[in-house]
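So the structure is just underneath, and the comments pick up after that.
Chain letters run A, B, ... following the sequence lines, proteins first and then strands; every chain starts at 1.
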Amino acid sequence: MSDYNFQEIEAKWQDLWEKQKPFACDVLSDKKKMFLLVEFPYPSAQGLHVGHPRSYTALDVIARKRRMENYEVMYGMGWDAFGLSAEVYAVRTGIHPRITTRENINNFRRQMKSIGFSFDWDREIDTTDPHYYKWTQWMFLQMVKQGLAYKGPTQINYCPNCKTTLANEEVINGGCERCHGPVEKRIKEQWMLKITQYADRLAQELDTVNYISPVVDQQRNWIGRSEGAEITFTLKENNASITVFTTRPDTIFGASYMVLAPEHSLVDTLRPKISNWDAVEAYRLAAKQKTDIDRSDVTKEKTGVPLEGISVINPATNAPIPVWISDYVMMGYGSGAIMAVPGHDDRDWAFAKKFHLPILDVISGGNVQESAYTGDGVLVNSGFLNGLNVTDAKARMIEWLQKHDMGSAKINYKLRDWIFSRQRYWGEPIPMVLCQACGWVPLPDDQLPLVLPELEDYRPTDDGSAPLAKLTDWVKTTCPCCQGPAERETDTMPQWAGSCWYFMRYLDPKNDQAFCDPKILEKWLPVDWYNGGMEHTTLHLLYSRFWYKALADAGIVPGIEPYGRRTSHGMILGTDNEKMSKSRGNVVNPDSVVEAYGADVFRTYEMFMGDFDKTAPWSDGTINGVARFLRKVWALLEKIDSSAPPSIEQEKALHRAIHDVGERIERMKFNTAVSALMECINAFAQADSLPPSLLGDFCKLLSPFAPHMAEEIWQQLGNQGLVCQQSWPTYDSALLVDDSVTIGVQVNGKLRATITISKGASNLEAEAAALAEEGVKRALEGKTPRKVIVVPDRIVNIVVG
RNA sequence: GCCCUAGUGGCGGAAUGGUAGACGCGGCAGACUCAAAAUCUGCUUUCGGCAACGAAGUGGGGGUUCGAGUCCCUCCUGGGGCACCA
């Protein structure tokens, strides 16, 4: 018996898998399908992070088990290779992103293969391959045709450091997601996707899928549905009107002033009537120059300027109220105007206090001069609403507004349309042409893919225009519609475009007639199980659901949701319990782990290190323990004796493991599934001999975690075929139960003894055994039990006193 | 401020309302060895005690229950998300 040479043995099986392709998916198979998905990575120059394999291994365990359960499994891998990071890296190194991307992909593929994932590598995809992005462009055009894409001036988030536009989802606390620098607001012509048109469905249809609840909560939160009313206020000075959105129409009698966003266009219209225009203009200019970080600082004092000479009529009271502008009202939400009810809104209260505006009490329950009262109560000082509670008053008020044609019920969303343009080079060209005569014209399908042209200098420009604009020959084209002179769009798509639909391409990766054969889509969608990071909840996952619904509405894909089930893994931290980062110097490189311990140890450790859901710190000690475990498994080969009958203990240990490992994998309790494997081999090792069949069955349980060693032992036991192609073992329930059971005996809920009784013993027997215990007698101090609770095979609790 | 999440030995972590600490790491003692590594055996929540045993114990405080790490209320702390969204 030699030591386990993992380098040699892992290479041997990886070569064999490569040749025999046991993980190839037959999409036309009659077997029950199982579509498993992990987020395909962005192939960075740093290579694979130890965080990636946590997700990949988990679903690899599921994939391998499902194959052994006779499912046809789809488990693919590919590269989300467009995007800013690749371009930034290329600019820094001076090497074209196409070249660095190819190198990075090769490195990622090598790393993944060294870990032994059971991906069907013949279905590898790459978002930067023209054969792939042809369909990304095609799908974008489908959205154009459905009226879901439009180009228009919009206030965008611009990162002056990265020199590009950011989607709202890419702005974190007013800063850039990538460089964390401040983000400016600019007005720019951008391609937009109308994700807001799907806001309601994106929220509602979460009920039709099985996502872990934090994902559901976070998406709903992000979509931010709120029910309220739109109310029209009329200007006192002329008949112009201003519409506000409020969730509290019930408080309208307390609306003592109105606030407009500084950017509100009405301010310009009203200029001739505004007597303090200089002050107004100065305030607007100052607001414009503020970054979102300044503007969204909740703790800062409220500022604002009144529009002197302007007032509006409160439709409920008919009284004129002043109009202010303040940057605490945002142009991008509702109508950019609010009715301020300082008595019952904290922000309005703070504003009113500062500027000495009237604070009216219209809902009983608080002292509005001290602080805003936002709770429930009975309406007061509110005319026909008096005496109603908040809910009823809301309904009554909306009714009243509708009757008088002054407003109606309205639902608003925080979700904004998706800013889809990037003034960058390394992305899918947007296949649109601007014709002087015809306007924006989509490229016809036969001109797809619109290949990303070569460019000498692909660096972003300081004036915010796209690098492709420099290619004047490429930009100049003819209109597909009228053949007149036209210009190509020079913006490219964001990183998120290619990942919106990539899972479908695994199903039919080489098809050039369609992104996927519709029959295959029909059979394989939705994805059965998608595991990925929480950080993608309001980005990729939301975009992708929207993209799918848009395609579904165009009749292109089946169903309404792309992913049936969504789970998430916790982050892997450094040994210091901090997020791994170069600057902290706590990064663990998967290559060095594989080199030192082998893929099997790496995989098993990643599953054993902690609860899959939760963050877990890297630990060199624990990984050693896993290595020791696998060495013990290997050493069992020495005990193999085909003439020895299995001991009952060994059989019980095996069947216990079959039960526990299977059940724990299904519950994604991978750490305790590994514990169950450990317990089993600890039991196996007790005896001097072990029948080959028991170790063979154990190999089946081990194979999802440590597939190389499992194959090797399986072969050395003299078995035919691959262990990964065997059937998942079943357990004999009779072997799961013991004849006797040790249970606790409590006196008044405190443990005083344990008794071993036969399984299924009657309550009387258990009680008698319990009362006979010395420890119990001592605790009873001669008192007579008042009550004895026996839970069969579980516990005896004696109540005294 | 709002919405999620978590808080258990020296450490990672186990526990369908029923013997808290499985499994692993680390530590201690021993075996093997010229020695070391590797391996194996035993012990290892804390306090008191030679021991038998006793007491305390799952972030704090209340509650429900024969019985609470687990359920309810409340507070504290860490992690994540959203945030002047009317």
Side-chain angles (χ1 to χ4, degrees), chain A residues 3 172-174 212-222 224-226 228 244-248 251 259 261 295-300 302 326-330 332-341 345-348 350-351 374 412-416 534-535 537-538 570-571 573 577 579 605 608-611 613-626 628-629 631-632 635 669 671-679 682 685 742-755 774-775 778-779 785-800:
Chain A
D3 280 351
I172 309 295
N173 291 327
I212 52 168
S213 58
V215 171
V216 172
D217 291 338
Q218 216 171 293
Q219 286 208 349
R220 288 229 165 97
N221 224 303
W222 182 263
R225 182 180 202 270
S226 60
V244 302
F245 173 73
T246 178
T247 55
R248 298 296 303 275
T251 62
V259 188
R295 200 165 157 170
S296 67
D297 181 2
V298 200
T299 57
K300 78 157 202 289
K302 299 266 184 291
S326 171
D327 63 8
Y328 86 91
V329 175
M330 304 287 137
Y333 184 75
S335 56
I338 63 158
M339 63 175 207
V341 184
D345 180 281
D346 291 322
R347 294 148 303 177
D348 297 345
F351 193 82
T374 55
N412 252 324
Y413 299 93
K414 288 188 206 171
L415 187 71
R416 312 290 160 81
M534 280 306 291
E535 70 276 17
T537 302
T538 55
M571 216 188 338
L573 305 174
N577 237 313
K579 195 169 168 176
Y605 169 65
F608 184 63
M609 67 191 304
D611 197 352
D613 293 351
K614 304 199 182 84
T615 56
W618 191 265
S619 158
D620 293 318
T622 304
I623 199 168
N624 249 318
V626 172
R628 200 172 293 162
F629 158 64
R631 279 199 296 271
K632 282 193 215 170
K669 296 291 177 192
N671 53 340
T672 53
V674 174
S675 299
L677 291 170
M678 288 171 168
E679 283 172 344
N682 287 344
T742 302
I743 65 171
V745 180
Q746 297 175 335
V747 176
N748 285 345
K750 272 188 174 300
L751 186 74
R752 294 298 173 186
T754 58
I755 51 173
E774 277 307 315
R778 204 165 30 230
R786 187 156 56 85
K787 192 173 169 189
V788 177
I789 290 147
V790 180
V791 181
D793 298 337
R794 280 276 178 203
I795 202 149
V796 178
N797 190 12
I798 298 161
V799 188
V800 288

Exercise for review: Note every stem involving RNA chain B: at least three consecutive Watson-Crick or G-U wobble pairs, i with j then i+1 with j-1, with both distances under 3.5 Å.
Suggested key: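 In RNA chain B, stems of three or more pairs: B:1-7 with B:76-82, B:10-12 with B:23-25, B:26-31 with B:39-44, B:45-48 with B:53-56, B:59-63 with B:71-75.
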
Dump every N/O contact between nucleotides 14-20 of chain B and the protein below 3.5 Å, one line per pair.
{"from": "B:A14", "atom 1": "OP1", "to": "A:Asn671", "atom 2": "ND2", "distance (Å)": "2.9"}
{"from": "B:U16", "atom 1": "O4", "to": "A:Arg794", "atom 2": "NE", "distance (Å)": "3.0"}
{"from": "B:U16", "atom 1": "O4", "to": "A:Arg794", "atom 2": "NH2", "distance (Å)": "2.7"}
{"from": "B:U19", "atom 1": "O4", "to": "A:Thr742", "atom 2": "O", "distance (Å)": "2.4"}

**Study point:** Distance-only donor-acceptor test (3.5 Å): side chain A:Lys414, base B:C82
**Key:**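 Checked by distance alone, the answer is no.
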
Exercise for review: From the options B:A86, B:C3, B:C4, select the nucleotide whose nearest atom is closest to the side chain of A:Pro214.
Suggested key: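 Closest nucleotide among those given: B:C4.
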
Exercise for review: Please determine, for the side chain of A:Ile338, which listed nucleotide (B:A86, B:G13, B:C66) has the closest atom?
Suggested key: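 For A:Ile338, the side-chain atoms sit closest to B:A86.
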
Taking salt bridge (Lys or Arg N to Asp or Glu O under 4.0 Å) as the definition, give me every residue that meets it alongside [X], ordered by chain and number, with sequence neighbours left out.
{"X": "A:Lys669", "result": "A:Asp611"}
{"X": "A:Lys579", "result": "none"}
{"X": "A:Asp348", "result": "none"}
{"X": "A:Arg752", "result": "none"}

Can you list everything that forms a side chain to side chain contact (heavy atoms under 4.5 Å, CB included) with [X]? Sequence neighbours excluded, please.
{"X": "A:Ala350", "result": "A:Lys302"}
{"X": "A:Met534", "result": "A:Ile212, A:Pro214, A:Val215, A:Gln218, A:Thr537, A:Ser568"}
{"X": "A:Arg631", "result": "A:Ala627, A:Arg628"}

Check your understanding: With a 4.5 Å limit on heavy-atom distance, are the side chains of A:Ile789 and A:Val796 in contact?
Key ->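 Heavy-atom side-chain distance check fails, nothing below 4.5 Å.
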
Exercise for review: Based on the glycosidic angle (syn within 90° of 0, else anti), state the conformation of B:G62.
Suggested key: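 Glycosidic conformation of B:G62: anti.
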
Check your understanding: In whole Å, what is the span from the CG atom of A:Asn221 to the C1' atom of B:G80?
Key ->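 Whole-Å distance recorded here is 12 Å.
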
Check your understanding: Hey, does A:Phe351 reach any base, or is it just sugar-phosphate, or nothing, if we go heavy atoms under 4.0 Å?
Key ->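 It contacts nothing in the nucleic acid.
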
Pick out the pairs of N or O atoms, protein on one side and nucleotides 55-62 of chain B on the other, that lie under 3.5 Å.
{"from": "B:A55", "atom 1": "OP2", "to": "A:Arg752", "atom 2": "NH1", "distance (Å)": "3.0"}
{"from": "B:A56", "atom 1": "OP2", "to": "A:Lys750", "atom 2": "NZ", "distance (Å)": "3.1"}

Point to revise | Results of ring-ring contact (aromatic ring centres under 6.0 Å, His included) for A:Tyr605 - residues two or more places apart only | key: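 With neighbours one apart ignored, the set is A:Trp618.
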
Check your understanding: Want to settle it: does A:Thr538 or A:Ser213 sit nearer the 5' end of RNA chain B, counting the closest nucleotide to each?
Key ->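 The residue mapped nearer the 5' terminus is A:Ser213.
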
With the criterion being N/O to N/O and under 3.5 Å, what pairs connect the protein with nucleotides 36-41 of chain B, and how long is each?
{"from": "B:U39", "atom 1": "OP1", "to": "A:Arg631", "atom 2": "NH2", "distance (Å)": "3.0"}

